[in-house]
Amino acid sequence: MRSFRLTVAGLTAAAVVTAGCTLPAFAPRTDVDGEAAAPGATATWRPCPEVADEVVGRRAPDIRYECARIEVPRDWAGGTAATTGPGAGETFEIALIRVRSTNQRDRIGSLLINPGGPGGSGVDTAVYLSFGERFGGLPDSIMERFDIVGFDPRGVARSSPVECIPDGDLDALFGFDPNPASQEMFDVFVMANRRIGQGCGNKYGDQLPLYSTEQAARDMDAIRAAVGDEKMTYLGYSYGTLLGATYAQLFPQRVRALVLDGAVDPRQGLIEGSESQAKGFERAFDNFTRWCELNAGRCPIGPYPRMAVNSALEKARVSPVRNTDGREATAGWIFYAIVASLYSESGWQQLAEAIDRLNESNPTDVFRLADNYADRDSDGQYSNLFDANLAINCADEEERPSLERIRQLQSVWSTQYPLFGPALAAGLVSCTEWPGGSDPYPKGRADGAPPILVIGTTGDPATPYEQTPALAEMLGVGRVLTWEGEGHTAYPQTACITEAVNAYLIDLTVPADGVRCPAR
């Protein structure tokens with residue numbers, strides 16, 4: 001949810017909604033075994049092809065997979081291990097995977113990957129990217145010059161994961177009405193979030209702020225040292241742009257090249273960020289509507305898709321369609337199916353077909369879209385994506401809106417952003433009811449860093465385009481590259497974007513500021 005306070009990498013989001021895609025969006029996560037290298041030590045790698053087998057079901061040709069674990073201080077306390085306070089003297093283990101082409105030549109170094117979220121697995125993403133451009137992965141020219149290093153940030157997946165939200169509570173939250181309009185419904189929603197906050201607070205106590213973005217950015221520098229790179233080369237998607245921007249502010253002299261795709265404006269607080277996303281998703285839905293008007297044969301709910309979607313939501317509030325396994329397609333599950341489909345233009349037809357089949361009392365496609373978004377398997381079990389998402393987002397935030405303010409925003413945004421505004425306003429409750437203090441990230445310039453490439457997509461719903469120039473301006477060394485396309489994140493989806501990014505990563509050739517790439 002840095003889009004519904006979650007944003008996931010473009011590759012992962014595309015895999016969620018691309019019919020027939022070989023690479024699954026989410027898969028069971030095998031552990032990265034082996035003894036963790038002590039803080040400051042060089043990573044010790046071991047072959048781990050089994051990770052690709054379990055994440056994707058097969059291995060990419062001409063690719064070697066190696067895994068390692070490193071230890072980092074739980075509390076960096078300004079750059080060194082804390083000697084007092086929560087977590088002092090303790091460590092987290094960070095899981096790494098190194099993807100190396102057997103055709104590698106003239107190696108430049110490592111390209112560190114983060115897919116966003118927060119809560120997305122960089123280990124999984126590095127595996128997906130290893131399959132090349134045909135599947136939305138990295139170009140051969142990048143694979144031949146870099147080791148691709150994926151990492152699960154602290155608290156995520158294989159890296160000392162945060163696990164404190166029961167599956168049943170997540171089912172209840174995803175299924176809950178996205179617009180709890182009455183005070184009674186809102187109160188029930190608040191109590192559900194309060195119960196989750198209390199459970200996580202009871203388990204992790206005063207160490208919850210240690211999952212912050214700044215702490216994770218300092219872990220990145222430990223990874224840089226552990227893989228033997230003098231300077232950082234990094235590709236961050238979505239929330240990964242915030243992580244990369246934080247790194248650049250903390251360690252500007254250690255930056256070689258950063259690509260920040262699907263930019264997050266760090267200066268936006270919870271309310272500003274949520275309203276930005278409400279605008280972004282409304283704009284994306286309007287673009288979907290225009291697509292339906294021009295593609296009637298592929299959009300069975302046309303010519304008025306907004307009316308069809310609103311009708312489906314209203315019917316679900318009264319009499320939700322029951323699936324063959326007994327699950328009910330409530331307004332919440334329909335809403336998250338809509339959200340999932342807007343992350344990629346390839347999801348638009350699937351959304352139209354899912355709503356059409358729901359009208360025929362078949363909710364299978366609605367659940368498929370929503371479950372992929374929620375990272376829920378067929379047995380009703382969730383990964384720790386949303387546990388980590390909440391822990392990281394809320395650790396980052398100094399100011400949390402009151403319940404009264406959230407109710408006001410619900411009312412105002414219901415008018416301004418009718419489909420997505422109420423849910424994004426209500427979603428603010430999660431951090432308001434989250435325990436523990438905060439550890440906010442820096443929000444300033446990266447003086448001393450080389451030019452940093454900041455990419456934005458004009459039709460991006462989750463990190464709306466307006467945040468791209470804002471991030472570049474804040475850093476002071478940002479160069480804006482624009483894709484006039486649809487969906488969340490851009491690289492490597494078109495030749496124009498791909499060529500510019502490749503030249504930057506390989507040769508440090510910086511595109512002229514303001515270059516715009518056409519949609520096709």
- Can you name the side-chain hydrogen bond (donor to acceptor under 3.5 Å, both in side chains) partners of Asp187, sequence neighbours left out? Gln183
- Compare every heavy atom of Ile142 with every heavy atom of Leu138, then report the nearest pair and how far apart it is. CD1-CG2, 4.3 Å
- The ring pair (Phe, Tyr, Trp, His ring centres under 6.0 Å) partners of Tyr465 (sequence neighbours excluded) come to none
- Task: Run the numbers on Asp219 and Phe92 for side-chain contact (heavy atoms from CB on, under 4.5 Å), then give the verdict.
- Result: CA-CA 10 Å; Asp219 295 344; Phe92 285 130; 5.7 Å; no
- Derivation and outcome, salt bridge (Lys or Arg N to Asp or Glu O under 4.0 Å), residues Glu314 and Arg317: CA-CA 5 Å; Glu314 289 304 318; Arg317 290 182 171 109; 2.6 Å; yes
- Passing option when Phe174 is tested against Phe335, Phe386, Phe367 for ring pair (Phe, Tyr, Trp, His ring centres under 6.0 Å): Phe386
- Message: Can you list everything that forms a side-chain contact (heavy atoms from CB on, under 4.5 Å) with Cys394? Sequence neighbours excluded, please.
- Response: Leu390, Arg400, Cys431, Trp434
- Sequence neighbours excluded, the answer for side-chain contact (heavy atoms from CB on, under 4.5 Å) partners of Asp171 is Trp333, Arg376, Tyr382
- Task: Could you tell me whether Met185 atom CE has more than 12 heavy atoms of other residues or ligands within 6.0 Å of it?
- Result: yes
- Where Ala519 and Gly485 come nearest, the two heavy atoms and their spacing: CB-CA, 4.1 Å
- Task: Please test Arg218 against Asp75 for salt bridge (Lys or Arg N to Asp or Glu O under 4.0 Å), starting from the C-alpha separation and ending with a verdict.
- Result: CA-CA 10 Å; Arg218 294 187 182 279; Asp75 185 359; over 6 Å; no
- Rounded to the nearest 0.5 Å, what separation is found between the CZ atom of Arg283 and the CG atom of Asp460? 8.5 Å
- Under 3.5 Å side-chain donor-acceptor pair for Gln249 and Tyr441: no
- Note on the structure: Here the gap from Thr489 atom OG1 to Tyr237 atom OH, rounded to the nearest 0.5 Å, amounts to 6.0 Å
- The ring pair (Phe, Tyr, Trp, His ring centres under 6.0 Å) partners of Phe285 (sequence neighbours excluded) come to Phe288
- Query: Would you find a donor on one side and an acceptor on the other, under 3.5 Å apart, between the side chain of Ser276 and the backbone of Glu272?
  - Reply: no
- Query: Going by atom types only, do Ser212 and Asp396 share a side-chain donor-acceptor pair under 3.5 Å?
  - Reply: no
- Query: Judged by atom type as modelled, is there a donor-acceptor pair below 3.5 Å linking the side chain of Asn393 to the main-chain atoms of Asn389?
  - Reply: yes
- Note on the structure: Applying side-chain hydrogen bond (donor to acceptor under 3.5 Å, both in side chains) to Gln207 and not counting sequence neighbours gives Arg74, Glu90
- Set of side-chain contact (heavy atoms from CB on, under 4.5 Å) partners for Pro435, sequence neighbours left out: Leu208
- side-chain contact (heavy atoms from CB on, under 4.5 Å) assessment of Ile452 paired with Leu260: CA-CA 8 Å; Ile452 293 171; Leu260 309 181; 3.8 Å; yes
- Message: With a 4.5 Å cut-off on side-chain heavy atoms, are Val156 and Ser159 touching?
- Response: no
- Not counting sequence neighbours, which residues clear ring pair (Phe, Tyr, Trp, His ring centres under 6.0 Å) with Phe176? List them please. Phe189
- Query: At what distance, to the nearest 0.5 angstrom, does CD of Gln349 lie from SG of Cys292?
  - Reply: 9.5 Å
- Are Ser414 and Val412 side-chain neighbours, meaning at least one heavy-atom pair lies under 4.5 Å? no
- side-chain contact (heavy atoms from CB on, under 4.5 Å) between Phe251 and Met232, worked out: CA-CA 9 Å; Phe251 307 104; Met232 172 70 73; over 6 Å; no
- Can Phe281 and Tyr417 be said to form a side-chain contact (heavy atoms from CB on, under 4.5 Å), step by step? CA-CA 9 Å; Phe281 275 94; Tyr417 322 109; over 6 Å; no
- Note on the structure: Which of Leu481, Thr457, Thr482 passes side-chain contact (heavy atoms from CB on, under 4.5 Å) with Cys517? Answer is Leu481
- Message: Could you work out, with ring pair (Phe, Tyr, Trp, His ring centres under 6.0 Å) as the rule, every residue matching Tyr504, not counting sequence neighbours?
- Response: none
- What pairs with Glu398 under side-chain hydrogen bond (donor to acceptor under 3.5 Å, both in side chains), at least two apart in sequence or on another chain? none
- Which residues pass the side-chain hydrogen bond (donor to acceptor under 3.5 Å, both in side chains) test with Thr233, sequence neighbours left out? Arg256
- Message: For residues 410-428, which residue pairs pass the salt bridge (charged side-chain N to carboxylate O under 4.0 Å, His left out) check, not counting sequence neighbours?
- Response: none
- Query: Just wondering, do Thr330 and Asp177 contact through their side chains at under 4.5 Å, heavy atoms?
  - Reply: no
- Query: Would you say the side-chain atoms of Gln410 pair up with the backbone N or O of Pro180, donor to acceptor, closer than 3.5 Å?
  - Reply: yes
- Query: When you measure from the side chain of Asn114 to the backbone N and O of Gly236, does any donor-acceptor pair fall under 3.5 Å?
  - Reply: no
- At their closest point, which heavy atom of Ser383 faces which heavy atom of Asp375, and how far apart are they? OG-OD2, 2.5 Å
- Between the CG atom in Leu409 and the OG atom in Ser411, the distance rounded to the nearest 0.5 Å is 9.5 Å
- Closest approach of Gly421 to Ala278 (non-hydrogen atoms, all atoms of both residues): CA-CB, 4.1 Å
- Task: Identify the two heavy atoms, one from Trp413 and one from Pro422, that lie closest to each other, and give their separation to 0.1 Å.
- Result: O-CD, 4.2 Å
- Query: What's the shortest heavy-atom distance between Glu433 and Val190, and which atoms?
  - Reply: OE2-CG1, 3.8 Å
- Separation between CG of Asp439 and CD of Gln215, rounded to the nearest 0.5 Å: 5.5 Å
- Task: Could you tell me the separation between the CD atom of Glu93 and the CG atom of Asp152, rounded to the nearest 0.5 Å?
- Result: 12.5 Å
